[in-house]
A.B. asks: 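The structure under discussion is supplied below as structure tokens; questions concerning it will follow.
Just so it is clear, the model here is predicted, and its values are computed rather than measured. Position 1 is the first residue of the sequence; numbering continues from there. Counting starts at 1 for both ligands and their atoms, in listed order.
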Amino acid sequence: MPAPTIGVLALQGDVREHLAALASLGAETLAVRRPDELTRCDAVVLPGGESTTMVKLARTFGLLDPLRERVRAGMPAFGTCAGMILLADHVLDGAAGQETVGGLDVTVRRNAFGRQVDSFEGDLDLVGLDEPVHAVFIRAPWVEEVGDDVEVLARVDGGAAAGRIVAVRQGPLMATSFHPEVGDDARIHRLFADLVVEHTSGKS
Ligand code: GLN
């Protein structure tokens, strides 16, 4: 079976960084701007950026409904920061009428960390990794509620937001509040690439 192709939604945000992290693992990658490009992907990364802009662009480019259909049909997807918001079924503090792709049974709070800690960095333990990750948060959401099928992968370790959920997995879906594409640690992308292989082997 050929290696799965992992697309990165390339409408806005940290597209190049995700493509580089995936390429460093030897993954087949594709920047996705059109529906036919999504069709060629076995999995997709929804990058950080600005969720309201990204969802509007996804609608304009005819990608929002195909993304919804593919995710509902079981395509692996990994959302980071704004991408986590896009994957969430429910958003608090969203823009009026803010739509999402959905699929991940969580409620996220947008810009949750508040003004004083708009952007910060810290080390986190993450389920599946032996050593902590250095997590960069930029006007990040957190996960306020999770459904029964959602596994919590990481929580904030200290400070005012201690205990807040910042990484989750539900079947073939993964999301982080922070930006694993920043820096040169591709271990979280490796976890996703492994999830992609697990959920696409036997197909095609
Ligand atoms: N605050 C942004 C939003 O609501 C997310 C920020 C990010 O992706 N770095 O979409």
A.B. asks: Is the closest side-chain heavy-atom distance between Glu145 and His90 below 4.5 Å?
C.D. replies: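 Glu145 does not reach His90 side chain to side chain.
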A.B. asks: Please determine if Ile85 has a nitrogen or oxygen closer than 3.5 Å to a nitrogen or oxygen of ligand 1.
C.D. replies: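 In fact, backbone or side chain, Ile85 has no N or O that close.
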A.B. asks: Do the charged groups of Glu50 and Lys56 touch, with an N to O distance under 4.0 Å?
C.D. replies: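 Lys56 and Glu50: not salt-bridged.
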A.B. asks: Atom 1 (N) of ligand 1: which protein heavy atom is closest, and how many Å away?
C.D. replies: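 Nearest protein contact, heavy atoms only, for atom 1 (N) of ligand 1 is Asn111 OD1, 2.6 Å.
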A.B. asks: Ion pair present between Arg110 and Asp93, side-chain N to carboxylate O less than 4.0 angstrom?
C.D. replies: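 Salt bridge absent between Arg110 and Asp93.
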A.B. asks: Any idea how Phe192 and Phe78 line up, ring-wise: parallel (<30°), tilted (30 to 60°), or perpendicular (>60°)?
C.D. replies: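 The rings of Phe192 and Phe78 sit tilted, inter-plane angle from 30° to 60°.
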A.B. asks: With respect to Ile85, which candidate in Val108, Val101, Val55, Leu104 satisfies the side-chain contact (heavy atoms from CB on, under 4.5 Å) definition?
C.D. replies: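 That would be Val108; it is the only one of Val108, Val101, Val55, Leu104 passing the side-chain contact (heavy atoms from CB on, under 4.5 Å) with Ile85.
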A.B. asks: Applying a heavy-atom cut-off of 4.0 Å, say which part of His179 lies close to ligand 1: side chain, backbone, both or neither.
C.D. replies: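 Side chain only.
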A.B. asks: Can you find an N/O atom of Arg139 closer than 3.5 Å to an N/O atom of ligand 1?
C.D. replies: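 Yes, Arg139 has an N/O under 3.5 Å of an N/O on ligand 1.
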A.B. asks: Kindly confirm or rule out an N or O of Gly49 lying under 3.5 angstrom from an N or O of ligand 1.
C.D. replies: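 Yes, since at least one N or O of Gly49 sits under 3.5 Å from an N or O of ligand 1.
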A.B. asks: Just so I know, are the side chains of Leu46 and Met54 near enough to count as touching, which here means a heavy-atom distance under 4.5 Å?
C.D. replies: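 Leu46 vs Met54: side chains apart.
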A.B. asks: Does the side chain of Val150 reach to within under 4.5 Å of the side chain of Val143, using non-hydrogen atoms?
C.D. replies: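 The answer is no; the side chains never approach within 4.5 Å.
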A.B. asks: Of all the atoms in ligand 1, which lie at a distance below 4.0 Å from a heavy atom belonging to Ser51?
C.D. replies: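 Counting atoms of ligand 1 from 1, those under 4.0 Å from Ser51 are 3 (C), 4 (O), 10 (O).
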A.B. asks: At a 4.0 Å threshold, what atoms of ligand 1 neighbour a non-hydrogen atom of Gly48?
C.D. replies: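 So the atoms of ligand 1 that pass are 8 (O).
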A.B. asks: Check whether any N or O atom of Thr52, backbone or side chain, sits under 3.5 Å from an N or O atom of ligand 1, and answer yes or no.
C.D. replies: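 No: no nitrogen or oxygen of Thr52 is under 3.5 Å from one in ligand 1.
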A.B. asks: When you measure from atom 7 (C) of ligand 1 to every protein heavy atom, which one gives the shortest distance, and what is it?
C.D. replies: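 Result: Cys81 SG, 2.8 Å.
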A.B. asks: Which residue supplies the protein heavy atom nearest to atom 4 (O) of ligand 1, what is that atom called, and how far is it?
C.D. replies: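 Answer for atom 4 (O) of ligand 1: Arg110 NE, 2.6 Å.
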